[in-house]
**Student:** 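What follows is a structure written as structure tokens; I'll ask about it next.
Just so it is clear: chains get the letters A, B, ... in the order the sequence lines come, proteins before strands, and each one is counted from 1.
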Number of protein chains: 2
Amino acid sequence: MVVKRRNRLLSIESICDAALVCIDESGRLTMAELAARLGASPSSVYHHLPGRGAIIEALRERVGATIDSPAVDDPDWMGAISGWMRAYRQAMAAHPNLIPLLIAQPMTSEAGLRSYDRVAGLLAGAGVADADIVPWITALDSFALGSALDLTAPDQPWVVADRADLPALGAAVTAGPAGRRRADTAFELGLAALLAGMSGSAAG
Amino acid sequence: MVVKRRNRLLSIESICDAALVCIDESGRLTMAELAARLGASPSSVYHHLPGRGAIIEALRERVGATIDSPAVDDPDWMGAISGWMRAYRQAMAAHPNLIPLLIAQPMTSEAGLRSYDRVAGLLAGAGVADADIVPWITALDSFALGSALDLTAPDQPWVVADRADLPALGAAVTAGPAGRRRADTAFELGLAALLAGMSGSAAG
DNA sequence: ACCTGAACACCGTTCAAGT
DNA sequence: ACCTGAACACCGTTCAAGT
């Protein structure tokens, strides 16, 4: 039976909560800011987590845990993978300032591995050649990661106003969506194209 | 007429050269290491570039300058865009340790803008709807960026040896390519799928 | 067991002082 | 003009000392 400790000032959970608030609000994570928000000393944090890297790692697990793995036996394999990709990106979109901190280290978490296994199973079931499954998962992952990074881009990523030397881009920017709709449309177009490519790879 | 200064210890070019060597060799850029490699004092660097961020920005321009923009009038628009995407990724692959430093800030450089304009012109010429051009360029960019990040991944990104709970992924890893060939195959598969998607978008 | 203040090594940057 | 050493504010982390 676990003895309930009383009056513990910090805990792994409260540290992660505060760290996420720091990142969301200030876009960065320093031990001093974190400790101030917790009403504790910076050195106190080290009694619960072995350092700043461990905090970021815990946040990766926390964000990854919110992403549902695709169902292995879903007959609509494209729908299953699409749902997973959208959940992945949505989880990132909830904390865009966290993205640069997560990609500084390798991405794979335990929850992510299970999702990859499910996707591998879906692709195998769809008829994709065994040797092509890892490359397709890699392509999906690269696109999801790049799309997540795109969410951190400014609303107007290309400044082309009054740039007569960039006529085609200027016209495209004027005609196309901007802000969040630009990012969303790009994600859906690219995802559909990748799924169609996998489907063709399975049929061929 | 420009007066040739004699015995200048540092220059923007020598600083960028040394900074790139620092990043390639140690994976990071500190002013102390940079100065030591230059045989100068850290503060001396500030007489040529206004700080660490400016050095990274100069390196972004330097890397971007090595990427040929696609030809506007190429009748093979898929080939033109493919060549640009491969050049983009190859330039990044030459300095993988630089990638995390570049994506910490927004990507767009002056050379990049011209490339985007060329791609926009190629897509318009291919018949892609005006409103879809910016989303498609965004999708290409996200994929290129994610694929570049993938180059910094370890040779074996998913550790699935002796993991009976991940059967599909384990089989896929065994059957598929590893290391650089994994990344290359993924890039080519994804790129082909995105181009096919754009082509279908133009026809529809 | 948990928390703290002081200390440490390191970081980017500034600036008065030299030549 | 270019370069330097000293100084500054900040960073993550350690540790002996408290409770």
**Student:** Assign each of Arg52(A) and Gly39(B) to its nearest nucleotide of DNA chain D by heavy atoms, then name whichever residue's nucleotide is nearer the 5' end.
**Tutor:**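 Its nearest nucleotide lies further toward 5', so the answer is Gly39(B).
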**Student:** Starting at atom CZ of Arg8(B), determine the distance to atom C1' of dC3(D), rounded to an integer number of angstrom.
**Tutor:** 12 Å
**Student:** Does a salt bridge link Asp17(A) with Arg37(A), judged by any charged N lying under 4.0 Å from a carboxylate O?
**Tutor:** no
**Student:** Can you pull out the residues from residues 42-51 of chain B that lie within a 4.0 Å heavy-atom distance of DNA chain D?
**Tutor:** Ser43(B), Ser44(B), His47(B), His48(B)
**Student:** For residues Val160(B) and Tyr116(A), determine if any side-chain heavy atom of one lies less than 4.5 Å from a side-chain heavy atom of the other.
**Tutor:** no
**Student:** Do Arg182(A) and Asp150(A) pass the salt bridge (charged side-chain N to carboxylate O under 4.0 Å, His left out) test, and can you show the C-alpha distance, the side-chain angles, and the key distance before you say yes or no?
**Tutor:** CA-CA 10 Å; Arg182(A) 176 193 62 83; Asp150(A) 183 48; 3.3 Å; yes
**Student:** Out of Leu59(A), Ile103(A), Asp24(A), Thr152(A), which residue meets the side-chain contact (heavy atoms from CB on, under 4.5 Å) rule with Leu98(A)?
**Tutor:**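 The single option meeting the side-chain contact (heavy atoms from CB on, under 4.5 Å) with Leu98(A) is Leu59(A).
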**Student:** Would you call Trp77(B) and Val72(B) a side-chain contact if the rule is heavy atoms closer than 4.5 Å?
**Tutor:**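 A side-chain contact under 4.5 Å is absent here.
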**Student:** Looking only at side-chain atoms of Ala32(B), point me to the closest of dC11(C), dT4(C), dC11(D).
**Tutor:**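 Of dC11(C), dT4(C), dC11(D), dC11(C) is nearest to the side chain of Ala32(B).
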**Student:** Pairs counted as Watson-Crick or G-U wobble with both distances under 3.5 Å: what dot-bracket string results for DNA chain C, using | for bases tied to another strand?
**Tutor:** ||.|||||...|||||.||
**Student:** Expressed as a whole number of angstroms, how long is the span from Ile15(A):CD1 to dT13(D):P?
**Tutor:** 13 Å
**Student:** Across the strands shown, which category fits Leu38(A) at heavy-atom distances under 4.0 angstrom: base, sugar-phosphate, nothing?
**Tutor:** nothing
**Student:** From the options dC3(D), dC11(D), dT4(C), select the nucleotide whose nearest atom is closest to the side chain of Ala40(A).
**Tutor:**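 Selected nucleotide: dT4(C).
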**Student:** How long is the line joining CE of Met31(B) and P of dT14(C), in whole Å?
**Tutor:**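 My rounded result for the distance is 10 Å.
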**Student:** Given side chain to side chain contact (heavy atoms under 4.5 Å, CB included), test Leu195(B) with Ser82(B) step by step and report yes or no.
**Tutor:** CA-CA 8 Å; Leu195(B) 289 170; Ser82(B) 294; 3.0 Å; yes
**Student:** Rounded to whole Å, how long is the line connecting atom CG of Leu9(A) with atom P of dG5(C)?
**Tutor:**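 Leu9(A) atom CG is separated from dG5(C) atom P by 12 Å.
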**Student:** Does Trp136(B) form a side chain to side chain contact (heavy atoms under 4.5 Å, CB included) with Ile81(B)? I'd like the steps, not just the answer.
**Tutor:** CA-CA 12 Å; Trp136(B) 273 121; Ile81(B) 292 176; over 6 Å; no
**Student:** Could you check whether Asp184(A) pairs with Arg89(A) (Lys NZ or Arg NE/NH1/NH2 to Asp/Glu carboxylate O, under 4.0 Å)?
**Tutor:**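 Result for this pair is yes, salt bridge flagged.
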**Student:** Is there side-chain contact between Trp84(B) and Leu122(B), with at least one heavy-atom pair below 4.5 Å?
**Tutor:** no
**Student:** Considering every strand and a 4.0 Å limit on heavy-atom distances, what is the contact class for Leu29(B): base, sugar-phosphate, or nothing?
**Tutor:**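 Here Leu29(B) touches the backbone only, sparing every base.
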